[in-house]
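Read the structure below first, then the notes.
All chains are named by letter (A, B, ...) in the order of the sequence lines, taking the proteins before the strands, and each is independently numbered beginning at 1.
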Amino acid sequence: MPELPEVASFEKYFEKYAIGRKIASAQVKDSRIIRGLPAGRFEGELSGRRFVSTRLHGKYLFAATDGERWLVMHFGMTGYLQYFEKPEDNPKYDRVLIGFQQGGYLSYVNPRMLGWIGLIESPDELIRQKGLGPSAQDSRFDYREFRKIFSGRKERIKPALMNQGLAAGIGNIYSDEILFQARIHPMTRANSLNEKELKSIFHHLKKVLQTAIDRNTGTGSLPEQYLLRERRKGAACPVCGTRLETAKIGGRTSYFCPNCQKEPTGPKA
DNA sequence: CTGGTAACCTGGCCGC
DNA sequence: TGCGGCCAGGTTACCA
């Protein structure tokens with residue numbers, strides 16, 4: 001669930017509840033969630049520090065401290081942040097708990113334990129190590145860049161959009177929405193897309209992410225003609241009413257409208 | 001380079 | 001009520 005728009009809302013949440021506050025204590029409640037250093041050192045290095053700024057890249061959230069280190073968070077599929085005032089109000093499945101000197105707690109919650117937390121020297125170094133592409137909502141990721149990265153590839157457009165090494169931040173859910181809005185079948189080979197189709201995908205990529213970010217951080221739900229509102233077994237296309245179909249592409253379940261998103265033509269496309 | 005599969009982990013849901 | 005089985009999600013490892 002946490003793809004770039006959700007992580008962007010976690011960033012806002014983190015800014016609201018953690019930035020500028022001094023850390024009184026850090027408690028690791030399940031050490032399996034900590035990567036790159038022992039849980040005890042994670043706790044020790046964090047306490048006494050202060051969070052000063054945040055940074056988002058794809059599905060990763062970074063928080064700079066006033067020390068040498070950055071906190072890095074990845075949310076897997078079920079992770080999120082939760083702030084609360086009283087210790088006894090801590091949420092179920094909290095894995096890391098940060099207590100602030102002025103009171104209040106921020107917990108990293110993750111029921112299914114996919115995802116991780118660590119302390120690193122440099123976000124850029126981590127981005128390089130992981131081989132991440134440009135963050136999808138970054139203004140530097142423009143159409144020229146998109147075209148350069150995606151246009152020649154042989155693979156299907158859906159797994160390409162989900163490939164964090166090409167552009168970071170898009171997962172199974174939003175790739176379905178982007179392709180639905182662009183009226184492109186998810187099985188289409190990237191290198192068979194013409195200029196107009198590439199432009200459409202890029203346009204909707206930006207638009208869908210921004211719409212979701214606005215929704216998560218502000219008010220309101222997704223627009224009526226969004227696939228995500230109907231993304232479930234047996235539902236009807238919000239545009240034409242055709243029954244939605246599913247397909248396994250790249251190991252993930254894709255939802256699409258067989259009428260709005262025509263199957264690519266040609267043999268074994 | 002490409003793509004297919006499975007594992008990691010665990011709660012939720014379906015069917016019996 | 002309980003239980004097995006499957007699914008979800010992002011990432012990574014492994015194999016063709």
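The CG-C1' distance, from N172(A) to dA8(C), rounds to 9 Å in whole Å. When the C1' atom of dA8(C) is taken as reference, atom CZ of R232(A) falls 17 Å away, rounded to whole Å. Distance CE (M162(A)) to P (dT12(C)): 15 Å, rounded to an integer number of Å. Spacing between atom CG of N191(A) and atom C1' of dG3(B) amounts to 14 Å, rounded to whole angstrom units. Whole-Å rounding puts the Q164(A) CD to dA13(C) C1' distance at 17 Å. The separation between M73(A) atom CE and dT11(C) atom P is 15 Å, rounded to whole Å. Look at NZ on K158(A): it is 15 Å from P on dG3(B), rounded to the nearest Å. For the pair Y60(A) OH and dT12(C) C1', the interatomic distance rounds to 10 Å; values are reported in whole Å.
A residue-by-residue look at R252(A) and I249(A) shows that I249(A) has its nearest nucleotide of DNA chain B further toward the 5' end. Take the nearest nucleotide of DNA chain C for L114(A) and for K130(A): the residue whose nucleotide is more 5' is L114(A).
Look at T78(A) and you won't find any side-chain N or O under 4.0 angstrom from OP1 or OP2 of dA8(C). At the phosphate of dT11(C), OP1 or OP2 sits under 4.0 Å from a side-chain N or O atom of K59(A). One finds no side-chain N or O of R112(A) lying less than 4.0 angstrom from the OP1 or OP2 phosphate oxygen of dC7(C). Put simply, R153(A) has no side-chain N or O that comes within less than 4.0 Å of OP1 or OP2 on dC1(B). Distances shorter than 4.0 Å separate some side-chain N or O of K248(A) from OP1 or OP2 on dA8(C). In terms of phosphate contacts, H74(A) brings no side-chain nitrogen or oxygen within less than 4.0 Å of OP1 or OP2 of dG10(C).
Note: W70(A) and F62(A) have perpendicular aromatic rings, judged against thresholds of 30 and 60 degrees for the angle between ring planes. Ring geometry, Y83(A) versus Y17(A): the interplanar angle falls under 30°, so the pair is classed parallel (tilted spans 30 to 60°).
Picking from dG10(C), dT2(B), dG11(B) the nucleotide with the shortest atom distance to the side chain of Y93(A) gives dG11(B).
Under the 3.5 Å distance criterion, the side-chain polar atoms of E197(A) are left unmatched by any main-chain donor or acceptor of L193(A).
No side-chain donor-acceptor contact under 3.5 Å links Y174(A) and D176(A).
Counted within 6.0 Å of CZ on R229(A), heavy atoms from surrounding residues, nucleotides or ligands total more than 12; the atom is thus considered enclosed.
The partner of dC14(C), taking Watson-Crick or G-U wobble pairs whose two distances both stay under 3.5 Å, is dG4(B).
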